[in-house]
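Values below: every heavy atom of this structure, side chains too, minus hydrogens, waters and symmetry copies.
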Amino acid sequence: MVFNLIKTNLSIQFLVLLILSSVFGSYLPEIVIRFFYTISLIIRDILFFLLPMITFCCLFSCFSNIKNNNTIKIMGFLLVIVFASNYFSTILAFIIGSCIFIEFNKDNFGILKDIGELLPLWEFKITPWVANDVALLVGLGLGYLSSFSRVSFLIKIHNQSGKLVTWFLTKLFVPILSLFALGFILKIQCSNTFISSMHSYISLMGVIALTYAFYILFLFAIAANFNFKSWVFYLKNVVPVMFTALSTMSSLITMPVTLRAAEKNTNNENFMRLVIPATVNVHTIGLAIGIPLIALTILTDFGHAHPSFMAYSKFALFFVLAQFAIAAVPGSGILIMVPLLEKYLGFTSEMSALIVALYILFDPIETVANTLGNSAFAIILHNLTTRLKVPLLT
């Protein structure tokens, strides 16, 4: 039973991986560490080579599902609101990271270093055929164009892209995700500071969880128009959503429960059957807050300068756009984001592997934040469209 739990649960896999690496990593011969490091580099280069195609396919499939003119208007409105919400959450993460956690974590500045002297056993270089942010914009543009047009080659791309990406992620990517991170984690462990840095990440998880809690409670307060009785009513109805998301670690699997709670909170079944499925994979405030906060802490621990607001804003723009390209597969969120972290925030391979591990460990709590945030968002959107008499449903 324990083995099956480890086999099927990515968070437990990474927890076991971190514990074993911390306890036994220093006893491994250098040749073994170099071997795992080489394998990790090969997996990284192959993933990064394929990533632009994955990003393109996910975005194209997402937007090309919009077909008639009325649906285009409805989805266009929804996506603008979702983009704004995700972008605000990403900026909120920067403010918290700048004003609170970086100050709290300043004693750990530069505690980890990139261990440059550990070399792979052999070189395997494969350059991505196009930048990931370019693939992101092209997929967005062609996907939206496909929603207006019935061009045959676009229809063929749509029919195959979603299936191809889902197959790749579920059959190939997820099974080797732990192996991808292992070599980099062993390399970091060689610095003999890996264990001593863990307390900063435990603190980080607490800060992120508290940020989720306060932000989501505030969103439900907005949804309730700051009426305490309505606020308690809404929260009571989403308790099953929280426990389902925590156990499944999937917003998509939790969606039927999220949908029932949203219908209870608004008494508008038709509206919720449009909004919840349309936003379940793209309105992800847990990811929008969690990844940037983890990234800013890792930058601090590796001795890198805190990014300026302008530099972070550029990263945030592509980061939020990339959220529309995330597939409903555990770990796919961080896969899409790693190239952006390396390009705009200066992440190294070791930093990328560390954020993958931390992200997966915290995935259950992030999923709870995503689903509860989306539940509050649906109520706020319902109230807004009702008040402004926006004909979201005709």
Side-chain angles (χ1 to χ4, degrees), residues 8-15 17-18 82 85-94 96-97 101 169 173-174 177-178 181 201-220 238-255 257-258 276 279-298 316 319-320 322-338 340-341 352-378:
T8 57
N9 191 301
L10 268 179
S11 295
I12 295 179
Q13 286 178 26
F14 272 81
L15 181 60
L17 177 65
L18 286 173
V82 166
S85 177
N86 285 342
Y87 191 82
F88 177 80
S89 300
T90 306
I91 296 299
L92 177 65
F94 179 81
I96 293 171
F101 200 75
L169 292 174
F173 169 66
V174 172
L177 193 55
S178 297
Y201 297 115
I202 294 173
S203 301
L204 169 66
M205 297 310 174
V207 169
I208 295 175
L210 286 174
T211 302
Y212 286 159
F214 283 115
Y215 188 46
I216 289 169
L217 289 173
F218 179 69
L219 288 178
F220 274 106
V238 298
V239 168
V241 177
M242 179 179 67
F243 285 109
T244 305
L246 191 62
S247 61
T248 63
M249 295 192 305
S250 170
S251 298
L252 192 62
I253 296 175
T254 309
M255 186 176 70
V257 184
T258 308
I276 296 295
T279 59
V280 65
N281 279 332
V282 294
H283 184 245
T284 51
I285 65 171
L287 181 145
I289 293 173
I291 289 182
L293 271 176
I294 297 173
L296 291 172
T297 304
I298 290 176
F319 178 81
V320 174
Q323 287 177 245
F324 293 98
I326 295 173
V329 176
S332 64
I334 194 61
L335 171 68
I336 298 295
M337 300 308 177
V338 163
L340 299 178
L341 292 168
S352 297
L354 186 55
I355 198 172
V356 167
L358 294 172
Y359 173 87
I360 297 297
L361 285 173
F362 205 60
D363 189 53
I365 305 301
E366 186 213 278
T367 303
V368 171
N370 287 337
T371 53
L372 294 182
N374 208 34
S375 297
F377 172 81

What is the distance from atom [atom1] of [X] to atom [atom2] of [Y], rounded to the nearest 0.5 Å?
X    : Y    : atom1 : atom2 : result
T258 : L372 : OG1   : CG    : 8.0 Å
L246 : T367 : CG    : OG1   : 8.5 Å
F362 : L293 : CZ    : CG    : 9.5 Å
H283 : N86  : NE2   : CG    : 5.0 Å
L358 : I291 : CG    : CD1   : 11.5 Å
Y359 : S352 : OH    : OG    : 14.5 Å

**OP:** Decide side chain to side chain contact (heavy atoms under 4.5 Å, CB included) for I365 and Y212; before the verdict, give the C-alpha distance in whole Å, the side-chain angles of both, and the deciding distance to 0.1 Å.
**Re:** CA-CA 9 Å; I365 305 301; Y212 286 159; 4.0 Å; yes

[X] side chain near [Y] side chain, heavy-atom distance below 4.5 Å:
X    : Y    : result
F220 : V238 : yes
V368 : M242 : yes
P292 : F94  : no

Distance-minimising heavy-atom pair for [X] and [Y]:
X    : Y    : result
A295 : L341 : CB-CD2, 3.8 Å
A288 : A93  : O-CB, 4.0 Å
A376 : L219 : CB-CB, 3.8 Å
I360 : P364 : O-CD, 4.0 Å
I285 : G373 : CD1-CA, 3.6 Å
L340 : A322 : CD1-CB, 3.8 Å

Subject >> Single hit among N281, T254, T279 for side-chain hydrogen bond (donor to acceptor under 3.5 Å, both in side chains) with N374 >> reply: T279

**OP:** Please assess F324 against V82 for the test side chain to side chain contact (heavy atoms under 4.5 Å, CB included), listing each intermediate value before the final yes or no.
**Re:** CA-CA 10 Å; F324 293 98; V82 166; 4.1 Å; yes

Original post:
Please walk me through it: do L287 and F319 pass side chain to side chain contact (heavy atoms under 4.5 Å, CB included)?
Top reply: CA-CA 10 Å; L287 181 145; F319 178 81; 3.6 Å; yes

Original post:
What residues form a side chain to side chain contact (heavy atoms under 4.5 Å, CB included) with L210, not counting sequence neighbours?
Top reply: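 For L210 the side chain to side chain contact (heavy atoms under 4.5 Å, CB included) partners, ignoring immediate neighbours, are F214.
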
**OP:** Start with the C-alpha gap between N370 and T284, add the side-chain angles, then the distance that decides, and say whether side-chain hydrogen bond (donor to acceptor under 3.5 Å, both in side chains) holds.
**Re:** CA-CA 5 Å; N370 287 337; T284 51; 4.8 Å; no

**OP:** Assess whether side chain to side chain contact (heavy atoms under 4.5 Å, CB included) is satisfied between I208 and I294, documenting all intermediate values.
**Re:** CA-CA 9 Å; I208 295 175; I294 297 173; 3.7 Å; yes

